[in-house]
Amino acid sequence: MDRLEVARFTTLPEAELAAALLKRHGVDARVPDRDAATNMAHMQVAFGGLRVTAPDFQIVQARDLIARARRGEFGDLAGEESEEWRLDATPGMVGELHEDEIHGAIGSMKAVIRYVAIGILGLCGIGLLLQFMAY
């Protein structure tokens with residue numbers, strides 16, 4: 001069973017969303033470029049986008065579904081007049097927490113990384129100074 005390209009997408013979330021749509025309709029879709037996009041996000045354009053693939057026997061169905069999605073056939077919210085979703089939404093709140101109470105794990109790590117980087121640069125500078133003094 002060969003896997004063929006269904007379509008290419010600019011970002012990983014777009015590719016994942018397309019693959020999820022295809023899977024929802026019974027197509028064995030995959031995003032083979034996921035690891036490259038995660039590790040080298042700056043290279044996504046150079047790669048020509050992220051591929052979504054499907055088995056050769058499902059390729060016609062998969063390409064048809066993606067074409068329909070691009071035409072907006074699955075996103076018809078014109079009849080959605082209800083704003084019921086807003087009943088539980090409170091501005092400035094994330095779940096039960098106020099946005100001022102949310103602290104990311106990376107926040108304290110920034111200081112650690114900064115001090116380690118300064119230390120490494122300092123050691124490199126001392127090493128270069130000693131090399132120049134030796135000559």
Side-chain angles (χ1 to χ4, degrees):
M1 168 180 70
D2 289 333
R3 296 193 69 80
L4 301 175
E5 182 178 306
V6 176
R8 288 183 182 247
F9 296 90
T10 308
T11 65
L12 183 58
E14 288 174 317
E16 292 286 2
L17 188 60
L21 173 75
L22 294 173
K23 287 178 184 177
R24 175 91 172 151
H25 286 87
V27 176
D28 180 25
R30 298 185 187 160
V31 181
D33 303 325
R34 179 185 297 115
D35 291 339
T38 303
N39 294 321
M40 299 178 289
H42 61 287
M43 296 294 290
Q44 288 178 7
V45 175
F47 293 149
L50 292 116
R51 297 171 297 148
V52 173
T53 63
D56 54 0
F57 65 91
Q58 292 181 316
I59 197 69
V60 173
Q61 176 191 6
R63 287 180 178 162
D64 179 58
L65 286 166
I66 293 300
R68 289 174 55 200
R70 286 182 169 162
R71 286 192 302 265
E73 291 184 25
F74 298 108
D76 184 21
L77 299 176
E80 287 289 320
E81 302 277 335
S82 172
E83 292 195 17
E84 188 174 311
W85 63 273
R86 293 181 139 221
L87 293 178
D88 293 331
T90 304
M93 298 291 287
V94 179
E96 299 294 319
L97 298 173
H98 192 274
E99 60 189 12
D100 295 335
E101 298 174 310
I102 299 172
H103 304 285
I106 195 70
S108 59
M109 288 302 295
K110 286 181 185 176
V112 172
I113 292 170
R114 184 179 308 125
Y115 291 124
V116 168
I118 290 170
I120 290 172
L121 290 173
L123 289 174
C124 289
I126 291 171
L128 286 173
L129 182 63
L130 292 176
Q131 281 185 341
F132 285 124
M133 291 176 69
Y135 290 109

Exercise for the section: Flag yes if more than 12 heavy atoms outside Arg24 fall under 6.0 Å of its CZ atom; otherwise flag no. Expected result: no
Practice task
Determine whether Thr53 and Leu4 make a side-chain contact, defined as any pair of heavy atoms from C-beta on separated by less than 4.5 Å.
Solution key: no
Practice task
Determine whether Val6 and Ile59 make a side-chain contact, defined as any pair of heavy atoms from C-beta on separated by less than 4.5 Å.
Solution key: yes
Handout entry: Face-on cation placement of Arg3 at Phe57 ring, 6.0 Å and 45° thresholds
Key = no
How close do [X] and [Y] get, heavy atom to heavy atom, and via which atoms?
| X | Y | answer |
| --- | --- | --- |
| Leu50 | Leu12 | CD1-N, 3.6 Å |
| Ala19 | Val31 | CB-CG2, 3.9 Å |
| Ala7 | Arg70 | CB-NH2, 3.8 Å |

Under a 3.5 Å distance rule, please check whether [X] uses its side chain to pair with a backbone N or O of [Y] as donor and acceptor.
| X | Y | answer |
| --- | --- | --- |
| Gln58 | Gly26 | yes |
| Asp33 | Arg51 | yes |
| Glu14 | Thr11 | yes |

Exercise for the section: State the CD1-CD distance between Ile66 and Gln61, to the nearest 0.5 angstrom. Expected result: 11.0 Å
Handout entry: Interatomic distance, Arg63 atom CZ to Leu22 atom CG [nearest 0.5 angstrom]
Key = 11.5 Å
Practice task
Could you tell me which residues satisfy side chain to side chain donor-acceptor pair (under 3.5 Å) with Arg30, sequence neighbours excluded, listed by chain and number?
Solution key: Asp28
Handout entry: Results of side chain to side chain donor-acceptor pair (under 3.5 Å) for Glu16 - residues two or more places apart only
Key = Arg34
Problem - Cluster link Val27 to Val60, ILVMFWY, side chain under 4.5 Å - result: yes
